[in-house]
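The structure displayed is predicted, hence computed values, not measured ones.
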Amino acid sequence: MHYPELHQHFAETLPGMVGTVVPTHFPNAQVSYLNESAASELDLDTEWLRSDEGIAWMTGATGGVATAYAGHQFGAFVPLLGDGRATLLGDRNGYEIQLKGSGRTPFSRPGSDGQGPLTAMLREYLVSEHMHAIGVPTTRALAVISTGETVMRSSGPVPAGIVVRVARSHLRVGSVQYAATQSHELLEAVVHAAGFDAAERLLEGVVDKQLELVAQWMRYGFVHGVMNTDNTALSGETIDYGPCAFTQGFDPHSCFSSIDRHGRYCFGAQPNVIAWNLVRLAEGLLPLMPESRANEILTTIPERWEGATKRWFGPEGLDAVVGVDDLAAYNRKHGVNGRPGPLYVPKNFALQDALDAVEHVGDYSPFTALLQAVTHPYDPDAGEPWMLEKEPDGAFTTFCGT
């Protein structure tokens, strides 16, 4: 077997934060989608990736590691979470390659199968690639694999899939939180692994990146849905597209996630939530920096947030879009940072209909058409009229797929 050469920077620099994942084998796996532009950035041969050997590699034939982290989940601290269904293969060309849904890991919860519904993986592929196309920092998807297996979920048995995720780094606020509970040395190692020479520079850097990121989410109507600290990346990339959705109007109360029963992570709460998460990051870093310096940085959050909203909404900030009932149309009319807003966006019902066609009748054509449109969102010829129709009235609910 001649698998691609990967480095193991995460496992080598943070050996205390990984668990070994044994190789997995899916004899009936098939490529559903392969992202040729991401493959090119990784210097991977797309023809090889589509081969039996390539598919085996993208479904875990070499094994890998799962990463440990802690996190506040809906406000409650959990000292050890970790990748319960994700395997980090290694890094290449400055990107980490991770399989999501390839099976159990040392951090899987009791009773978990470590797999995921194919439709959840397709949602992550499409939405993350749309975010990339409109310039929002994000993890990307190299491929979605249909494993040929079936998993049981609340709706019954559904086809299983793997998304091959690509990220600058999988370190999260929760990684810092975990290291802080372990040792001074591990915490220092996480700071350095994240690319910073001091804790205060990490804090400042992440504050800036995350505020900028959430301002972009707000401009495009993106609702993450599960902004736990373990889903907040130190790199400033959007990560973990579980119950994500897009709000049609600029409605602060928009909430789509089935697990967010009290609206903690609704659309309008996202700026406050990210500030809360950044305070948790500062708390984790306190063993390495004076509390006075941490507080000094944190007190600049409102000012930095105002700067980010002015960059993305103009001089009025968020006030410019209060009451807008069609954010995508508003963005097309007014432009975003000097360019027209995207014509094609992943509207919730359209995406769900496309996913239902895959799950219920094995028809990929609506999904393929929508993927083409939202990854070429400024090209009028990339999509079809049904993708521009107004969303129907009524509640829409997303599920995280675990």
Ion pair check, R168 and E41, cut-off under 4.0 Å = no
Polar contact flag, side-chain donor to acceptor under 3.5 angstrom, N228-Y265 | yes
Are K347 and E389 close enough for a salt bridge, meaning some N to O gap below 4.0 Å?
-> no
Are F367 and Y33 near enough that their ring centres are under 6.0 Å apart?
-> yes
Under the side chain to side chain donor-acceptor pair (under 3.5 Å) criterion, do S37 and R140 qualify, and how do the steps go?
-> CA-CA 10 Å; S37 72; R140 297 191 67 189; 2.9 Å; yes
Test log, rule salt bridge (Lys or Arg N to Asp or Glu O under 4.0 Å), inputs D326 and K333 = CA-CA 11 Å; D326 189 335; K333 181 178 179 181; over 6 Å; no
D83 and T105: side-chain donor and acceptor closer than 3.5 Å?
-> no
Does E391 offer a backbone N or O that forms a donor-acceptor pair with the side chain of Q248 under 3.5 Å?
-> yes
Kindly determine whether S235 and E237 satisfy side chain to side chain donor-acceptor pair (under 3.5 Å), including the steps that lead there.
-> CA-CA 5 Å; S235 64; E237 296 170 298; 2.8 Å; yes
Is a donor on one side and an acceptor on the other found under 3.5 Å between the side chain of Q8 and the backbone of L89?
-> yes
Going by atom types only, do S128 and R165 share a side-chain donor-acceptor pair under 3.5 Å?
-> no
Is the closest side-chain donor-acceptor distance between N35 and E129 under 3.5 Å?
-> yes
In terms of side-chain heavy atoms, does Y69 have a donor or acceptor partner in T229 at a distance below 3.5 Å?
-> no
When you look at Y241 and T138, which way does the side chain to side chain donor-acceptor pair (under 3.5 Å) test go after all the steps?
-> CA-CA 10 Å; Y241 287 88; T138 179; 2.5 Å; yes
Taking the side chain from T299 and the backbone from N295, do they hold a donor-acceptor pair closer than 3.5 Å?
-> yes
Between the side chains of Q177 and H72, does any donor sit under 3.5 Å from an acceptor?
-> yes
So H224 and F222, would you call those rings parallel, tilted or perpendicular, with 30° and 60° as cut-offs?
-> perpendicular
Crowded around E53 CD? As in, over 12 foreign heavy atoms under 6.0 Å?
-> yes
